[in-house]
Amino acid sequence: MSFLRTLIPFDIAAGLTVTGRYFGKVFFSANRKKVRTRIKHFTQEYPEVPVNLQPRFRGRLTLLKDEQGEIKCVCCLACEKICPTQVITIEKGKKEGRKMPFPVQYDFEMERCIFCEFCVESCGFDSIILNHQFELAAYNREDFSIGMEGLGQNMFEPSPVGKYSVAED
Amino acid sequence: MEHLLVTIGRDMFAIFGVLALCGGIFMVAAKSAVHSVLGFLFTMLCVAGCFLSLDAEFLGMAQILVYAGGIVVLFLFVVMLVELSKYKEKGVFQLQTRSAVVAVVIGAAVFIGVFRNLLFGVASSEALVLRPELAQGLNVAQQNAQAVSRGLFSDYLLPFEILSVILLVALVGAVVLAKRERV
Amino acid sequence: MTEPIDPQAPAMPEAPTGPYVYDYMAAPNRQVVLPKTVPLPSLRTYQAEVVTAAAADEAKWQKQLADFEVAKAKAEVEGKDAPKPPVRAVPRKDDNDLKTPWPTEAKDADLLKLQELLGDKVEEIFEQAGERVCQVKKEAVLEALKVCRDAASLKYEMLADQSATHYPAAKDFAFSIVYHLTSVSRCQRLRLRILVPEGFIPESACSLYPSANWMEREIYDMLGIRFANHPDMTRILCPEDWEGFPLRKEYPTVGLGQRDIDFRDDRGGVLNRLAMEKAGQMGINLKQPKAD
Amino acid sequence: MPTMNLTQTMVMGLIQVVAVLILIFVMVPLLTFAERKVIGYIQVRLGATRTAGGHVGITGALNRGMWAMGKVPMLSILRGLPVFVADILKLILKEDIIPAKAERSVFTLAPIISVLAAFGVFSAIAFYPGALFTFPARFPIVGGLPFMGFISDVNVGVLYILALSSVGVYGIVLGAWASNSKYPLLGGLRSAAQIISYEVPLTLSLLTPVLLAGSLNFKDLSVRLSTGADMHWLAIFPLFVGFFVYTTCGFAETNRTPFDLPEAETELVAGFHTEYSGMKFGFFYLAEYTNMIVVSCFASAFFLGGYYLLPFGLQRFIPASVPFLGQPSILFFFLKVFTILFAFLWVRATVPRYRYDQLMDVGWKYLLPLTLVNLFAAALIRFAF
Amino acid sequence: MFKNEEMEINLGPQHPSTHGVLRVKLHLDGETVTKCTPIIGYLHRGVEKICENQTYFQGQVWTDRMDYVASISNNLGWAEGVEKLFGIEVPRRAKYIRTMLTEQNRLASHLLWLATHALDIGAMTVFLYAFREREYLLDLFEAFCGARLTTTAFRIGGLREDLPPGFIKSAQAFQDRFLPCIDEYEELLTENRIWKKRTVGVAKLNAEDCIALGVTGPVLRAAGVPYDIRKAFPNAAYAEMDFEIPTRPEADTYARYLVRLAEMRQSHRIIQQCIEGLPEGPVMAKIPKILRSEVNEVYHPIEAPKGELGYYFVGEKGGTMPYRMHVRAPSFVNLQALSKMTEGRLLADVIAAIGTLDVVLGEIDR
Amino acid sequence: MVNLNTVLLISSLLFAIGIAGVLIRRNALVILMSIELMLNAANLNFIAFARHSGSVSGQAFALLVMGFAAAEVAVGLALVVALYRKRDTVQVDDINLLKG
């Protein structure tokens with residue numbers, strides 16, 4: 001029996017069975033017409049089929065505004081201090097009709113950011129979040145320097161960087 | 001056009017032969033040993049072509065199989081291994097090249113002098129022509145391989161057996177010679 | 001490049017001389033603050049500290065008492081109300097306080113056995129945070145390791161880790177080298193420690209523990225401690241020609257050994273100069289780093 | 001067959017050569033596409049579904065429109081089909097780099113040898129034993145002449161094919177040597193040793209059908225084997241073993257997994273063609289896939305029944321009077337070829353690769369004795385019964 | 001090549017099978033390796049120096065980038081080491097969640113190892129199958145902490161947040177589908193004759209050599225030594241878990257493959273226990289906002305997927321940053337054994353040996 | 001049709017090239033190849049005469065010669081390899097000592 005097993009490659013046949021089974025399954029389910037039918041292949045056609053991100057996903061840093069459209073940040077500098085890579089630079093300032101300090105400048109150097117969410121954690125005023133944006137590619141280094149205002153560097157815009165991603169257009 | 005094609009078909013042997021000569025000259029004259037091997041390969045293929053045009057199909061194929069498939073690859077193998085070292089050849093040709101060339105030329109002259117009459121004599125073109133009807137004997141029922149094997153296994157069985165013994169001896173000898181001494 | 005200067009050429013902004021180099025010497029990370037203290041955990045130092053702290057506390061209390069006496073006397077003289085008697089401060093405790101693991105007297109059998117075997121070559125044994133520490137004389141480290149490995153009741157077969165720490169503020173030593181030994185069969189761990197001054201060459205542990213090979217190379221690479229009888233004492237992580245030893249405290253986080261690599265094949269600097277000119281035309285000042 | 005004058009012969013030969021070339025140049029890219037797809041499906045992914053720039057231009061607009069409607073654009077199996085055009089374009093348009101230290105002439109010669117050896121084999125392969133169709137009389141030169149299923153009917157066709165495929169190794173070895181680099185050299189040495197040693201069992205396993213049918217002509221051999229004319233029924237066993245050995249050796253000859261040691265990418269980066277790029281690399285690629293097709297044609301013709309439906313000479317059980325199944329057809333031939341090509345891809349996706357010494361062991365210690373025994377058995381069957 | 005002429009060949013730093021920027025200098029005699037020297041340092045980023053200039057909170061993000069395929073194990077080592085340094089007691093629920101995530105990460109790491117090792121040896125389909133399961137795990141990590149690879153999962157004193165809603169359910173779904181997948185890998189590889197030929201008896205390293213060279217993890221266990229830090233020095237909630245240490249006596253590549261597969265089954269078991277016995281309660285201990293250390297030194301090893309991962313801290317009095325931080329990276333120590341494993345063997349065995357050691361260059365070079 | 005003397009001329013020229021190679025080259029490998037060339041020239045003659053006489057004996061002999069050539073190459077290359085290993089050269093000029 002063992003001689004027979006050596007002579008006839010049962011082991012390789014077992015492997016071929018596994019792969020052949022998958023081939024059959026995927027072959028008959030992949031050549032479908034509708035998008036939303038039950039599929040057997042694991043990969044997704046990414047730009048067309050949207051990615052399901054988890055609620056806690058850590059994307060790009062964004063400043064939040066309250067109901068009046070005011071920036072919530074009060075320049076406590078906690079995020080600037082806790083950041084392990086020192087990507088946040090805040091300049092304190094005053095604004096008419098506001099008691100708390102107001103960030104005149106809030107610079108975010110995204111090329112060094114490691115998306116650890118320590119800044120959000122340290123913020124006592126819930127004024128920043130990491131949003132769900134993950135297509136963060138651009139051709140120029142300057143595009144990664146995000147600020148509150150400036151040419152194409154607005155932090156409140158939906159996608160200041162990642163303008164070359166496929167899903168956007 | 002037709003005339004040209006006919007000429008090419010008729011002189012196939014000469015074409016292959018001249019190409020083989022060119023390959024041989026390239027082989028002897030090439031500086032790099034790999035180029036020599038390439039020339040050798042080309043010569044062998046052309047000789048196989050000559051065999052084919054002499055109605056020896058089986059032998060032509062055997063020529064390619066044995067030479068191109070085995071011997072030249074072995075040569076190439078050894079040449080590649082040997083050329084790995086940084087050893088540079090001092091010169092391609094030997095010191096006695098001139099005398100060798102003189103000897104070859106003299107030998108060729110003697111050869112031609114002796115066989116001149118036979119080869120280029122008046123009657124030679126008649127006597128030595130390869131008559132097409134004789135090719136049938138080589139090509140028993142379109143099977144040259146059968147004809148050759150008949151000859152090989154009936155008339156020349158003893159040389160064939162001796163050859164197999166010699167091959168075995170050569171095999172053992174080559175293994176013994178090339179085996180590395182384990183220190 | 002010796003081209004004839006064309007007088008009609010448009011006036012170009014002057015190209016910066018030399019390649020674009022970040023001025024590391026002026027970088028904020030370049031400034032090194034050397035530590036003032038020697039954070040070397042040690043039972044003896046701790047006990048001395050405790051005694052000193054108690055004495056200081058006592059002295060403070062005595063001073064407060066004396067002050068009170070003086071004040072009381074003064075108040076009595078002046079006829080005012082007597083000041084409140086001082087209350088001895090009790091350290092405040094709450095839930096958020098950490099239960100810092102202090103060094104304690106060695107009670108473990110392994111440590112005692114080790115002291116028994118090595119005698120006066122042991123400088124100190126203690127336990128802290130549940131870990132055994134044995135500090136031996138720096139010349140006797142190989143002997144101590146041999147005892148640890150071979151003694152029947154110890155049998156620390158594996159050198160799990162070896163590393164060193166730089167103490168620039170210490171007086172009679174500069175580095176501590178620690179050996180973390182593991183007994184695979186007994187599931188025990190032990191830390192062996194030696195203190196070496198600058199320039200001292202301790203014995204390599206390679207002959208006893210082959211695993212020390214790369215670890216000692218790393219220590220040499222990072223802190224510059226050479227080991228005697230090491231098979232291959234070369235740098236391991238940094239390049240061969242690296243300057244300085246990065247994990248020493250006087251080594252800045254930015255600056256030393258940092259180099260600008262020009263990946264383009266530009267030996268004559270022509271491409272670089274052209275790029276500079278182009279940048280000058282576009283009004284980009286490459287000199288100013290964006291981070292500042 | 002009407003007699004042809006010389007010009008007609010030449011023109012017909014030219015037409016048939018061009019037809020075979022077209023066949024190769026269509027089949028090889030399709031094979032690479034099939035490789036992507038098949039291995040993709042086996043690995044629970046989709047394989048190639050788009051070419052570069054699938055989001056711009058007309059096709060892009062079409063695709064996006066269909067996605068927007070909730071439909072997968074076109075049949076998903078066909079969506080990646082332009083990839084094979086893109087592949088060829090990429091290979092042709094890519095910069096052709098010759099390393100500075102390489103031996104220029106040999107470096108250029110090597111891929112040409114590979115491709116010529118691979119293509120030359122087709123001149124003796126018969127895709128169909130007779131005429132496929134006849135040219136209508138209105139064509140100027142070739143009118144009334146039959147378009148045969150083969151280029152030439154060589155008497156020693158099998159030998160010819162074996163001889164030419166043994167020349168193919170020079171492309172690999174010379175390319176490896178001329179690159180003047182270490183990984184290619186190792187790959188080339190491995191390849192030379194591998195191909196020489198596997199040629200022995202390959203040739204011997206082919207001798208089994210030759211012995212059983214008694215011919216060296218590709219067409220005759222195939223027809224005799226599949227119809228089982230004057231063959232004992234026991235001959236199916238040596239044929240089956242021969243098929244097994246031949247396919248295994250074919251995998252080794254074409255450097256496919258599990259014998260892809262000359263180009264084992266995890267050991268030798270890319271083996272003998274590490275330094276090649278552009279169309280020179282494309283030639284090697286072409287030669288490898290062409291060789292795959294050749295091996296499939298051989299196995300299909302000699303073991304799987306060739307132009308007839310049933311393999312291993314079982315065709316004798318279907319009488320020739322049965323309308324479609326009993327008759328030879330080029331469809332059956334290509335069906336078998338495609339099956340074996342699929343097996344190539346399937347095996348590639350499944351098994352790991354041998355080590356070099358184990359590869360030699362398999363060749364010399366297992367396959368060679370097996371074929372010898374098999375050959376002996378075939379001879380016994382041929383002459384005893 | 002004939003006359004003791006050895007070919008010197010560089011495997012890497014850019015090579016398909018060196019798993020990163022490992023460079024191995026090989027002296028070849030034909031196909032036989034006569035000398036093998038791993039050369040490392042191409043990915044050296046000075047993590048230890050950086051961590052000396054970052055607070056204990058911030059330092060954790062650098063551990064993600066060391067062993068990037070098992071970042072949660074690294075996070076666990078850092079967090080537990082710092083907790084040991086400060087004497088912080090972590091709530092039980094946090095310990096359970098940590099254990100569960102670490103085991104899931106071990107699964108992810110072993111799956112990646114299986115994938116790349118099989119690909120090195122030539123089986124390309126296992127790669128995709130293993131990545132499919134790893135994808136589920138990465139989704140779980142993303143659900144828990146928002147990132148898939150560089151997780152920064154734990155905090156000193158516990159966890160940042162409790163498990164997200166639905167996490168247990170999806171983890172259980174993964175549990176249910178995972179065991180048949182392992183069977184599938186086994187069907188493709190375990191009995192396969194080529195796989196066995198390539199791995200049985202290859203890159204042997206017996207127990208004495210393992211211990212002398214400091215090799216830990218599955219490589220040591222495949223040599224028959226049942227040494228597992230989860231059992232020997234239990235951390236997190238491993239003391240309450242019921243699992244076995246798989247060992248094999250053969251000490252070759254095939255044994256390591258079997259040991260790792262068995263470990264995956266054990267991890268599966270531990271995760272199941274964590275899911276079932278997950279206690280209620282807080283997930284964060286009460287700790288001050290700013291941690292100020294006393295003079296102390298701590299060496300805390302944990303069982304990472306690759307072996308013993310140790311964090312060595314030296315604390316300064318009143319310091320918010322470690323005075324000295326050192327990582328005992330398992331791959332760094334294990335890689336020393338490469339030359340012993342491969343010398344005298346064939347070139348293809350070097351590939352198998354690199355694969356079976358399961359090295360990650362981010363951890364070796366730090 | 002081909003004349004026999006064409007064949008003889010070409011084969012004698014091939015033979016001459018082979019002799020020249022043996023005599024003037026110093027690389028032992030090239031010398032070995034030249035010997036092969038001479039054998040092939042002889043083969044050509046065999047086949048030509050077989051064709052001329054219409055008998056297969058010449059072809060059979062050519063086949064035998066091919067086998068001998070293969071044996072000779074095997075031994076010759078083994079010698080060259082052994083020589084290279086001993087003396088680190090394949091140049092015949094350098095092999096002027098009796099003792100290796």
Side-chain angles (χ1 to χ4, degrees), chain C residues 29 35 37-42 45-46 49 94-103 128-131 133 157-167 176 178 180 182 184-185 187-189 191 193 208-215 218 221-222 232 235-239 246-247 249 251 253, chain E residues 39-41 44 46 48-50 52-53 84-89 207-216 220 225 227 231-233 286-289 291-301 308 310 312 314-319 323-324 326-328 332-333 335-337 340 364-366:
Chain C
N29 298 5
T37 57
V38 186
L40 184 76
S42 151
T45 327
Y46 172 64
E49 255 175 38
D94 62 26
D95 284 351
N96 282 6
D97 271 0
L98 303 171
K99 299 170 205 65
T100 310
W102 299 110
Q128 187 171 19
E131 297 186 7
V133 187
E157 303 104 339
M158 188 192 279
L159 176 65
D161 190 20
Q162 184 181 357
S163 68
T165 313
H166 188 207
Y167 295 105
S176 78
V178 289
H180 291 108
T182 306
V184 173
S185 50
C187 291
Q188 299 289 340
R189 283 206 307 271
R191 178 183 305 134
R193 184 168 77 187
L208 293 172
Y209 296 104
S211 62
N213 188 337
W214 280 19
M215 297 172 187
E218 193 194 342
D221 192 0
M222 290 292 145
D232 178 24
R235 285 194 181 263
I236 184 166
L237 291 177
C238 296
L247 277 184
K249 288 289 170 188
Y251 192 93
T253 45
Chain E
I39 297 170
I40 59 174
H44 180 54
E48 292 176 11
K49 184 77 176 174
I50 295 172
E52 285 176 20
N53 293 286
K84 198 168 168 186
L85 187 74
F86 286 99
I88 299 169
E89 184 62 31
E208 286 77 40
D209 288 338
C210 276
I211 290 174
L213 284 166
V215 175
T216 45
L220 180 61
V225 182
Y227 175 69
K231 284 267 192 208
F233 312 104
K286 285 184 179 147
I287 56 165
K289 258 268 195 246
L291 287 174
R292 292 195 182 279
S293 64
E294 294 294 329
V295 176
N296 193 355
E297 66 182 331
V298 151
Y299 175 76
H300 184 73
E308 175 177 343
Y312 171 67
V314 177
E316 204 175 357
K317 188 172 176 61
Y323 183 80
R324 170 89 168 91
H326 174 75
V327 187
R328 189 259 190 220
F332 179 79
V333 184
L335 190 63
Q336 287 190 64
K340 189 158 185 81
I364 292 172
D365 296 342
R366 288 171 303 219

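Numbered from 1 within each chain, the chains take letters A, B, ... in sequence-line order.
Using a 4.5 Å heavy-atom cutoff, the side chains of C/M158 and E/T216 are in contact. A 4.5 Å side-chain heavy-atom check between E/E52 and C/L247 finds at least one atom pair inside the cut-off. Between E/P301 and C/R189, some side-chain heavy-atom pair lies under the 4.5 Å cut-off.
Taken from OG in C/S211 to CZ in E/R328, the straight-line distance is 7.5 Å, to the nearest 0.5 Å. Here E/F233 contributes atom CZ and C/T182 contributes atom OG1; the two are 6.0 Å apart, rounded to the nearest 0.5 Å. Between the CZ atom in C/R191 and the OH atom in E/Y299 there is a gap of 10.0 Å [rounded to 0.5 Å]. The SG atom of C/C187 sits 7.0 Å away from the OH atom of E/Y227 when rounded to the nearest 0.5 Å.
Residue E/E308 touches chain C through its side chain alone, counting heavy-atom pairs closer than 4.5 Å. Both the backbone and the side chain of C/M215 come within contact range of chain E, each with at least one heavy atom under 4.5 Å from a heavy atom of that chain. In this structure, chain E has a heavy atom under 4.5 Å from the side chain of C/E218, while its backbone stays farther away. Heavy-atom distances place both the backbone and the side chain of E/I40 under 4.5 Å from chain C. If you measure heavy-atom distances from C/S185 to chain E, you find no contacts under 4.5 Å at all. For a residue to count as touching a neighbouring chain, one of its non-hydrogen atoms must lie under 4.5 Å from one of that chain's; by this rule E/F86 touches chain C with backbone and side chain alike. Both the backbone and the side chain of E/L335 come within contact range of chain C, judged by heavy atoms closer than 4.5 Å. Contact annotation for E/V333: only side-chain heavy atoms (C-beta onward) come within less than 4.5 Å of a heavy atom of chain C. If you measure heavy-atom distances from E/D365 to chain C, the contacts under 4.5 Å come from both the backbone and the side chain. Proximity to chain C is absent for every atom of E/S293, based on heavy atoms less than 4.5 angstrom apart. Only the side chain of C/E131 comes within contact range of chain E, with heavy atoms under 4.5 Å apart. Interface residue E/I364: only backbone heavy atoms are found under 4.5 Å from chain C. C/Y46 does not touch chain E: none of its heavy atoms, backbone or side chain, sits under 4.5 Å away. Neither the backbone nor the side chain of C/V38 comes within less than 4.5 Å of any heavy atom in chain E. Only the side chain of E/Y312 has a heavy atom closer than 4.5 Å to any heavy atom of chain C. When heavy atoms are compared at a cutoff of 4.5 Å, C/L40 approaches chain E solely by way of its backbone atoms N, CA, C and O.
For the options E/E208, E/H44, E/E89, heavy-atom pairs under 4.5 Å to chain C are most numerous at E/H44. Contacts with chain E were tallied for C/K249, C/M222, C/E157; C/K249 has the most, counting heavy-atom pairs under 4.5 Å. Between chain E and the options C/G130, C/A160, C/P246, C/A129, the largest number of non-hydrogen pairs under 4.5 Å is found for C/A160. Your options are E/R366, E/E294, E/E297, E/K84, and the one with the most heavy-atom pairs under 4.5 Å with chain C is E/E297.
Checking side-chain atoms of E/Y323 against main-chain N and O of C/H166 turns up a donor-acceptor pair under 3.5 Å. Distance alone, capped at 3.5 Å, is enough to place a donor-acceptor pair between the E/K49 side chain and the C/Y251 backbone.
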Steps toward side chain to side chain contact (heavy atoms under 4.5 Å, CB included) verdict (C/T37, E/K317) = CA-CA 8 Å; C/T37 57; E/K317 188 172 176 61; 5.9 Å; no

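In this structure, the side-chain hydrogen bond (donor to acceptor under 3.5 Å, both in side chains) partners of E/E48, at least two apart in sequence or on a different chain, are E/R324, E/H326. Take C/E49 and apply the salt bridge (charged side-chain N to carboxylate O under 4.0 Å, His left out) test, not counting sequence neighbours, and it matches no residue.
Of all non-hydrogen atoms in C/P210 and E/A212, the two that sit nearest each other are CD-O, 3.3 Å.
Counting non-hydrogen atoms of neighbouring residues, nucleotides and ligands closer than 6.0 angstrom, the NZ atom of E/K340 reaches no more than 12 such neighbours.
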